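Keep in mind that what you see is a predicted model, and the values were worked out from it rather than measured. In the text below, chain A, chain B and the rest are named by the order of the sequence lines, each starting its count at 1.
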Amino acid sequence: MDYLDSLNEPQREAVINTEGPSLIIAGAGSGKTRVLTYRIAYLIQHKQVDPFSILSLTFTNKAAKEMRDRIERVVGTEARNLWMGTFHSVFARILRAEADRLGYNRNFTIYDTDDSKTLIKSIVKEQGLDDKVYKPNVVFNRISSAKNRLISWRSYQDNPSIRAEDEAAAKPHMAKLYRMYAERCFKSDAMDFDDLLFNTNVLFREHLDVLNKYQQRFRYVLVDEFQDTNVSQYLITKKLAAVRRNIAVVGDDAQSIYAFRGADIQNILNFQKDFSEAQVFKLEQNYRSTKNIINAANSVIARNKAQLKKHIWTANDQGELIEVIKATSDQEEGRLVAYSIFETKNNEHSRYRDFVILYRTNSQSRAMEEALRKRNIKYKVVGGLSFYQRREIKDLIAYMRYAINANDEQAFRRIVNLPKRGIGPTSVDKVIVTAYERGYDLWEVLQKAEELFPGRLGNALGQFTDMIKGFQLEAARKDAFEAASHIAKGSGLLRELYEDKTIEGLSRYENVQELLNAIKEFVDDPEAEDKSLSAFLQEVALLTSSDQDKDDDPDKVTLMTIHMAKGLEFPYVYVVGMEEDLFPSQMMLASRQDLEEERRLFYVAITRSMKRLTLSYALTRYRFGRLKNCEPSRFLEEIDPAYMMVNKELGTRSPVGDTNHARVLLKSIQRDRQRIPTNRSTYKAPANFAPSDTSQLAPGMKVEHPKSGFGRAENIDNQVANRKAKVIFDDFGEKTLLLSFAKLKIHDE
DNA sequence: GACTCCGATCTTTTT
DNA sequence: GATCGGAGTC
């Protein structure tokens, strides 16, 4: 077994100890994927385990594909028989096979987040509730987190403490919304992302014969990125492995960055409790980065309280100090980063694909893209708005979805009046309400439309229904490509786009053509067993933006969020937008846990770099279409300054260990953090502005000033004659105000 | 019911 | 800066 020779001791142990439960704690860059792939290869080659009985769960489709390819390189085509995929895709597949057990059709639709939110929006509206209070986002997140904790709408409704929470949040109708949302999804024969996991739990809980079947089938279960699993996912794997107990989980608590989605580091502790005989392997040697980068990363993560004990080290070179770029604006930041990439590439004969620019939020890509374009640097943006989220693509897919599942309410709403058929929102609501009131399926109502709605509406709906019947026949008889082409033409969608000769219209038309090409590719794939439209839709529903990696020219600078970068590595890494409120995000400052998650995110960003790490921040930045003053991120001060250098002039690098440089740098960052912003804000006092009595003003209170806008009281100087307050304003920085003169309004929170 | 214009809101991350 | 929903008009 020659591949075993390429492993270090702990890695080899983690590969060959295949029996029984294993917990593999794998630090950043410690060869985690290698261990996982070799462990599976070892099972197949050495232990003669049938690939069909190995289940390997990953977090992204991309990771699954990559791992399968790597295993295939070791064991050959047998690897194709592995059960390997994301939680969502694997269990969607199982749910389809067992759909009837739960009262679903095997062609059930998978709602994406947009579908879910639109549905919630219409329910809120139908209930006559205020959509300012019941914001679709908020309602959706509340339902989602309930499902991820395996709380059904029934137990939600019956749980007094949950109800009390909702009452306290002034959202007493939340339980009703959850119930209606669940019912509507079920009626539409649809599951959202969370349902795929939730319903798998229901399936395994209520149908023990089914559970037993899969327990027997999967002799070995492996879970990658275990720190990112939520309770729902953990319980599924726990149940599956309960009999054979061959379960290996691989993860790094320091890289847990999905708690906002219900991921729970607690799972690692629970695992050790539930599988008390588990062997623990720690992979602590980093093969990716320089000593300097590892040291810097360690100095940051050490500030987190919640973590498992481990010591990440590397035998690699000392390497270079971390560079910090300070820019006056986001545009200048882009220019400086682009220039740095340009210079580095020329001086060090590197390639564009060696570089990555990482940011906290997708919207930051724009400034970077502009700067790169100006320098003619080729780049690609990963993530962001994906191809499958474009309107025209969603439209055509909605048609295809509707041909497969004629009870899919969201698809129906999307397409019934596209192109215009004289069936507006009022009529659509009428149809949906009729279905609900009479207990009919949506499709039943449509088939009876001519009698239910005599007149123009009935006629229009009748024509629509006949058209859909034609599509259903196509979808049933022809392959996905022929059916999709037929639908694109027959619906009038293609013609409408074709007739739109604007630039956007042209590109929309091309996008639809591209979708059809993708379907053709799907049909032409010799390995695909099922070439039906239904099969294509199933694949597409769980695809994400990161999965559409177009080959073309691979030598490009990569731009992406830090979240998307997890698991990847690049020689040169730029982390841009190192500013307070942006990174750490203002939404995450609420609690210590949230701040620790941001810090882990920063840790992930640092540990992507192999050779050189550059951090940058800007003093001003456009946000929400407004110029905002920014303060350097606290994270910059959290790196031990011994590992950083001052950026006097690009290209000059100071030697490692030059503490004088470090001191100057720290000072400069601190100065920027305390700087008083001076530019004008657009704040305008409301007409009814009335100053409060400030005798009770205390530090920490939120205040409003008719000229300086909102701010927070920092400290109060209680001299009897002239009481003064130091206030930090959001837009004007710090000001000291005489309370006898200043008009301040105190805001309760 | 369709179309146009304006203002509110948004951005944290993703299966 | 972009998108979405509401109001107003035809």
Side-chain angles (χ1 to χ4, degrees), chain A residues 57-64 85-92 110-114 116-118 121-122 124-125 131-132 135-138 140-141 144 147-148 191-198 225 228-230 232-233 256-263 358-367 382-386 388-389 391 416-430 456-457 460 504 540-547 560-566 577 581-590 594 597-598 600-602 604-605 621-628:
Chain A
L57 296 166
T58 57
F59 198 58
T60 63
N61 294 303
K62 202 171 157 192
T86 62
F87 274 91
H88 290 85
S89 67
V90 166
F91 295 111
I110 296 171
Y111 275 176
D112 65 18
T113 311
D114 281 344
S116 301
K117 288 183 184 164
T118 326
K121 211 180 288 174
S122 40
V124 169
K125 207 168 149 195
D131 62 357
K132 296 273 187 306
K135 288 186 185 154
N137 245 324
V138 174
F140 175 76
N141 286 331
S144 168
K147 281 184 188 166
N148 284 328
M191 296 192 199
D192 66 17
F193 289 141
D194 302 316
D195 285 331
L196 294 174
L197 305 172
F198 183 89
E225 307 283 12
D228 288 329
T229 53
N230 59 35
S232 179
Q233 288 165 323
S256 161
I257 52 175
Y258 284 100
F260 71 94
R261 237 175 61 195
L358 300 177
Y359 34 77
R360 178 68 235 265
T361 66
N362 277 308
S363 57
Q364 287 167 259
S365 76
R366 187 180 320 199
V382 180
L385 190 64
S386 86
Y388 287 97
Q389 281 174 308
R391 199 182 70 207
V416 65
N417 206 26
L418 192 93
K420 301 269 178 288
R421 298 189 177 93
I423 308 172
T426 328
S427 310
V428 172
D429 286 344
K430 221 189 267 178
R456 225 178 46 194
L457 177 57
E504 306 90 69
V540 150
L542 293 169
L543 232 48
T544 51
S545 41
S546 58
D547 299 326
M560 62 177 131
T561 63
I562 304 168
H563 281 88
M564 305 242 28
K566 195 168 64 160
D581 289 353
L582 187 59
F583 191 26
S585 158
Q586 58 195 1
M587 326 279 290
M588 292 295 259
L589 297 175
D594 284 349
E597 172 146 322
E598 289 289 281
R600 290 193 294 269
L601 194 57
F602 186 41
V604 169
R621 172 180 303 277
Y622 275 96
R623 284 185 84 186
F624 310 109
R626 281 239 148 82
L627 193 65
K628 278 275 196 185

Locate the shortest heavy-atom distance separating A:S144 from A:D194; write the atom from each residue and the value.
OG-OD2, 2.8 Å
Does A:K125 come within less than 4.0 Å of A:D131, counting only side-chain N to carboxylate O?
no
Anything under 4.0 Å to a heavy atom of chain A counts; send over the first and last such nucleotide of DNA chain C, read 5' to 3'.
C:dG1 to C:dG5
Heavy atoms only, 4.0 Å cut-off, all strands: where does A:R366 land among base, sugar-phosphate and nothing?
sugar-phosphate
If you look at every strand shown and take non-hydrogen atoms under 4.0 Å, does A:D194 touch a base, only sugar-phosphate, or nothing?
nothing
Output the single nucleotide from B:dT15, B:dT14, B:dT12 whose closest atom is nearest the side chain of A:T86.
B:dT15
For A:F59, which contact category applies under a 4.0 Å heavy-atom criterion: base, sugar-phosphate, or nothing?
sugar-phosphate
If we only count heavy atoms from C-beta on, is the A:L196 to A:F91 side-chain gap below 4.5 Å?
no
Step through the shown structure and confirm whether more than 12 heavy atoms of other residues, nucleotides or ligands are within 6.0 Å of NZ on A:K117.
yes
Integer-rounded Å distance: B:dT9 C1' and A:R623 CZ
14 Å
Do A:T561 and A:R360 come close enough that some side-chain heavy atom pair is under 4.5 Å?
no
Separation of B:dT13 atom P from A:L582 atom CG, nearest Å, is 11 Å
A side-chain contact here means heavy atoms from C-beta on lying under 4.5 Å apart; do A:L601 and A:F583 qualify?
yes
Could a donor-acceptor pair under 3.5 angstrom be found where the side chain of A:T561 meets the base of B:dT13?
no
Rounded to the nearest angstrom, tell me the gap between atom CG in A:D192 and atom P in B:dT14.
18 Å
Once hydrogens and angles are ignored, does a donor-acceptor distance under 3.5 Å link the base of B:dT13 to the side chain of A:R261?
no
Rounded off to whole Å, could you give me the CD-to-C1' distance for the A:E598 and B:dT13 pair?
8 Å
Between A:A259 and A:E597 the two heavy atoms that sit nearest each other are CB-OE1, 2.7 Å
Could you check whether A:K121 gets within reach of a base, just the sugar-phosphate, or nothing at all, counting any heavy atom under 4.0 Å?
sugar-phosphate
Between A:Y258 and B:dT13, do the rings stack, that is, sit under 5.5 Å apart with planes less than 30° off each other?
no
Presence of donor-acceptor pair under 3.5 Å, side chain of A:T361 and base of B:dT13:
no
NA contact type, A:K135, heavy-atom cut-off 4.0 Å: base, sugar-phosphate, or nothing?
sugar-phosphate
Closer than 4.0 Å, any side-chain N/O of A:N61 to the OP1 or OP2 of B:dT14?
no
How close or far is atom C1' of B:dT13 from atom CD of A:Q389, stated in whole angstroms?
14 Å
Atom CZ of A:R360 and atom P of B:dT12: how far apart are they, to the nearest Å?
8 Å
Which heavy atom in A:G85 sits nearest to a heavy atom in A:A64, and how many Å separate them?
CA-CB, 3.8 Å
Residue set satisfying side chain to side chain contact (heavy atoms under 4.5 Å, CB included) with A:T86, at least two apart, ordered chain then number -> A:T58, A:N61, A:H88, A:S89
At under 4.0 Å between heavy atoms, which parts of nucleotides 1-8 of chain B does protein reach? Answer with one letter per nucleotide, 5' to 3': B base, S sugar-phosphate only, - none.
SSS-----
Under 4.0 Å between a side-chain N or O of A:N362 and OP1 or OP2 of B:dT13?
yes
Gap between atoms CD and C1', on A:Q364 and B:dC10 respectively (whole Å)
15 Å
Length of the CZ-P vector between A:F624 and B:dT11, whole Å:
8 Å
Within-4.5 Å side-chain heavy-atom neighbours: A:N230 and A:L197:
yes
